[in-house]
Amino acid sequence: MKYDYRKIIKIPYYQSPAHPRMPMAERAAIFLPFAALSGFEDEIERVKKKHLEENR
């Protein structure tokens, strides 16, 4: 099914006066505990140390 978005693209975005937008820093903090790449930082450090040892 193909949808023609041109029908809705110029509709103004509704923003509730009763519920102001959350600041980006607070929004980011919500997702912080759910790191998709858990252990990634440790792996980067391991590869970095290995690389430094090989190039001495």
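Predicted model, so just to flag it, every value in this text is computed and none were measured.
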**Request:** Would you please test Glu53 and Lys50 for salt bridge (charged side-chain N to carboxylate O under 4.0 Å, His left out) and show each step?
**Result:** CA-CA 5 Å; Glu53 288 173 4; Lys50 181 180 174 185; over 6 Å; no
**Request:** Count the heavy atoms of every other residue, nucleotide or ligand shown that sit under 6.0 Å from CD1 of Ile9, and state whether that count exceeds 12.
**Result:**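 No, not enclosed.
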**Message:** Quick check: is Tyr13 connected to Ile8 through a chain of hydrophobic side chains (ILVMFWY, heavy atoms under 4.5 Å apart)?
**Reply:**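 No; Tyr13 is not reachable from Ile8 via cluster members.
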**Message:** Would you say that Arg46 contacts Asp42 through its side chain, given a criterion of any heavy-atom pair below 4.5 Å between the two side chains?
**Reply:**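 A side-chain contact under 4.5 Å is absent here.
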**Message:** Show the nearest heavy-atom pair for residues Pro20 and Pro17, with the distance to one decimal.
**Reply:**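 Closest heavy-atom pair between Pro20 and Pro17: CD-O, 4.4 Å.
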**Request:** Supply the atom-to-atom distance Lys48 NZ to Glu41 CD, rounded to the nearest 0.5 angstrom.
**Result:**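 So the NZ of Lys48 and the CD of Glu41 are separated by 10.5 Å.
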